[in-house]
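Quick caveat, the model's predicted, so the values are computed rather than measured.
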Amino acid sequence: MMWIKRLCLLPLLWLLASLPAQAVLTIEITQGLDDAMPIAVVPFAWEGEGEAPAAVGDIIAADLRRSGFFRPLAEADLIARPHRADQVNYADWRALKTDHLVVGRMLPHEDGDYTVQFQLLDVNRRRQLAGYSLRASESELRRTAHQISDIIYAEITGKPGAFDTFIAYITVTGDRTDRPTYQLAIADSDGHNEQIVYQSRQPVMSPAWSPDGRHLVFVSFARGRSELYIQNIRSGERQRVAAFDGLNSAPAWSPDGKYLAMTLSRDGNPEIYLMNIETRTLERITRNYAIDTEAAWLPDGRGLVFTSDRGGSPQIYRVALDKNRHATGRPERLTFEGSYNARASVSPNGRYIAMVHRQEGQFRIAVQDQESGLFRVLTDSRLDESPSFAPNGSMIIYATEENYRGILSAVSVDGRAQQRLSLQQGDVREPAWSPLRPE
C-alpha cells in the first residue's frame, strides 16, 4: 500500500545550510473556469530612467489568472494604457465587457527603494474599490506584486488571497553517475525565488510548515534511522526533536504552534502521538493493532484526522482532543467511498478534507465536504499524492506524475480550475503550502 511504503523509505539526508536560488517551477494553466471574471491589468507605468526593475502588472495578471477565478485581458487587447483612475474612460472598458480594471505606476527613490501605487476600479460602477501606495526595495518588488494581487482578490471575492505565500517541496535530480541529488526547497506560490533549504545524495520527505511560516519540520534518516527535525527558515538553525526507537514519521504542527503530531512505533506498532515542543513530553493518541499514521490537525486544534487500516483498508478517521490535548472517545471513521483513502489534508475552515483516493486502480485527489457529506474526485491522473490546501482554502496542491517524471499540480476545491508546476529537469514531489507569510 502506497501510504505504508512511505514509512519504509531508504535513509534520508544530512541536511545542509541554505543555498542560493536554483530554478523556477514552470506553471501552466491546464484548465480554467468557463465563467471566470474578466479583468484588465494595465502594465504599470515606470517613472524612472531605463527599464523598470520589475514587471509588476504582469506578475499581478499572472497571479489572478492562476487562481482560476479571473480571466485577465491579453495585453494586446488593452484598449488604452492609463496608470491613474483620472485617465480612465470607463465606456471604452465596458465595451470590452471588462468588470474590473487595475492601473498603477512605479516611482524610484534616491535611496534605491521604489513606491508602487495601484488602483482597483469597478468599471460598471465607475468607482475605485481599492487604492494603495506601497514602498519596497528592488528585491521586494515581486512580493509587493503578490500582496497587491491578494488585495485585489480579497476586494472582489470577499475571501483572502494566497499569492503572498510559499510552497515547500522536494526535488530529485540525477547526474552523470545517475546518482540522484535530493533537495528540500521553498519558493513563492508562483514558483519563483526558489531557495534550496537542504540538499543531499540521500532523500528527504514529509516537510510541514509551522503556523507562523517560520519553520519547517521534516523527516531525516541522517543517522541511519528515521528522525524528526525542525528547521528555522530564516536563521538556518536546526534541532532534532524525535529520535525514538522505530519509526519517527509524518509530522504535523498544531494550529497554536505548541505541539507536533507524529507517527511513532516506539511501543511496537505505528501510532499517533503528540509532542509538546517546549517540554518534549509525549501523549499517545491512538491505541490499535492497525497502522495509524499521517495525522492532520483540525483548525481549532481540538481534533486530528489520520489514516488507519483498522477497518481492513486505509481510510480516514477523526479523533477528538480535549483542551489538554488528550484523546476523548474512540476514533470515528469519516470515509466510506472505495477501499482506499489516505494522506488527509484539512481546509483552513475545517469544512473540506482532501485525500488520496483509489479509483479503478488509479490514485487521485478527492475532497469530502464535512457539512454535506459530498465526496468528489477532483483529478483524473494515475498516481497523485500529498495534497495540501492553500491557506485560503481555494486550491489544493499535490504531487503527481507525467511522462514518468514527478511534477506538482494544483486544483480548485470544486475541480474546475487546474494548473501544472514542473521543473525543466528532475522530479518534484511532496508539496506543502505555507500559511500566509509573516511580516
Relative to the ring of [Y], is the ring of [X] parallel (under 30°), tilted (30 to 60°) or perpendicular (over 60°)?
X      : Y      : value
Trp209 : Phe166 : parallel
Phe218 : Tyr229 : parallel
Trp253 : His215 : tilted

Side chain to side chain contact (heavy atoms under 4.5 Å, CB included) partners of [X], counting only residues at least two apart:
X      : value
Ala320 : Thr328
Asp380 : none
Arg376 : Val367, Leu374, Leu378, Asp414
Phe336 : Arg333

| request: Could you tell me which residues satisfy side-chain hydrogen bond (donor to acceptor under 3.5 Å, both in side chains) with Trp433, sequence neighbours excluded, listed by chain and number? | output: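 Counting only residues at least two positions away or on another chain, Trp433 forms a side-chain hydrogen bond (donor to acceptor under 3.5 Å, both in side chains) with Thr165.
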
| query | Does Ser409 have any side-chain hydrogen bond (donor to acceptor under 3.5 Å, both in side chains) partners at least two apart in sequence or in another chain, and if so, which? | reply | none

For a 4.5 angstrom cut-off between non-hydrogen side-chain atoms, does [X] reach [Y]?
X      : Y      : result
Met395 : Arg66  : no
Phe70  : Asp63  : no
Ser412 : Phe69  : no
Ile60  : Phe44  : yes
Val41  : Ile152 : no
Val241 : Leu260 : yes
Ile186 : Val197 : yes
Ile272 : Val319 : no

| message | Show, in sequence, the C-alpha distance, side-chain angles and deciding distance for Arg416 and Asp35, and conclude whether the salt bridge (Lys or Arg N to Asp or Glu O under 4.0 Å) test is met. | response | CA-CA 10 Å; Arg416 299 170 64 199; Asp35 57 350; 2.7 Å; yes

Just how far is it from atom [atom1] of [X] to atom [atom2] of [Y], taken to the nearest 0.5 Å?
X      : Y      : atom1 : atom2 : answer
Gln199 : Leu184 : CD    : CG    : 11.0 Å
Ile59  : His192 : CD1   : NE2   : 7.5 Å
Arg71  : Met37  : CZ    : CE    : 10.0 Å

Considering all heavy atoms of both residues, which atom of [X] and which atom of [Y] are nearest to each other, and what is their separation?
X      : Y      : answer
Pro72  : Leu64  : CG-CB, 4.4 Å
Ala410 : Leu421 : N-CD1, 4.3 Å
Asp150 : Ala162 : OD1-N, 3.1 Å
Ser235 : Asn232 : N-OD1, 3.0 Å
Ile196 : Ala185 : CD1-CB, 3.8 Å
Ile167 : Asp188 : CG1-O, 4.0 Å

Modelled atom types, side-chain donor and acceptor of [X] and [Y], under 3.5 Å:
X      : Y      : answer
Arg358 : Ser339 : yes
Thr279 : Thr281 : yes
Ser210 : Asp212 : yes
Asp292 : Ser308 : yes

Neighbour count above 12 (heavy atom, 6.0 Å) for [X] [atom1]:
X      : atom1 : answer
Arg135 : CZ    : yes
Asn276 : CG    : yes
Arg125 : CZ    : no

| said: Run Tyr352 and Val346 through side chain to side chain contact (heavy atoms under 4.5 Å, CB included) and show every step you take. | reply: CA-CA 6 Å; Tyr352 298 99; Val346 184; over 6 Å; no

| message | Can a donor-acceptor pair be found, under 3.5 Å and without considering hydrogens, that links the side chain of Thr307 to the backbone of Arg343? | response |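 Flag set: sc Thr307 to bb Arg343 pair under 3.5 Å.
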
| field | Asn248 side chain to Gly246 backbone, donor-acceptor under 3.5 Å | value | yes

| request: Would you sort out whether Thr263 and Glu294 count as a side chain to side chain contact (heavy atoms under 4.5 Å, CB included), showing the intermediate values? | output: CA-CA 7 Å; Thr263 299; Glu294 300 174 343; 6.0 Å; no

| request: Begin with the C-alpha distance, continue with both residues' side-chain angles, and end with the deciding distance and a verdict on side chain to side chain contact (heavy atoms under 4.5 Å, CB included) for Val219 and Leu228. | output: CA-CA 5 Å; Val219 181; Leu228 301 187; 3.5 Å; yes

For [X], which residues count as a salt bridge (charged side-chain N to carboxylate O under 4.0 Å, His left out) partner, sequence neighbours excluded?
X      : answer
Glu283 : none
Asp58  : none
Glu332 : Arg318
Glu337 : none

| Which residue pairs pass the salt bridge (charged side-chain N to carboxylate O under 4.0 Å, His left out) test when at least one of the two sits in residues 250-271, sequence neighbours left out? | Asp256-Arg325, Asp267-Arg284, Glu271-Arg284

| According to the ring-ring contact (aromatic ring centres under 6.0 Å, His included) rule, which pairs have a member within residues 375-402, sequence neighbours left out? |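 Every ring-ring contact (aromatic ring centres under 6.0 Å, His included) pair that includes a residue of residues 375-402, provided the two are not neighbours, is His357-Phe375.
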
| note | Of Glu430, Arg429, Gln183, Glu194, the one forming a side chain to side chain donor-acceptor pair (under 3.5 Å) with Tyr169 is Glu194

| request: Assess whether side chain to side chain contact (heavy atoms under 4.5 Å, CB included) is satisfied between Asn324 and Asp322, documenting all intermediate values. | output: CA-CA 5 Å; Asn324 296 315; Asp322 63 21; 3.6 Å; yes

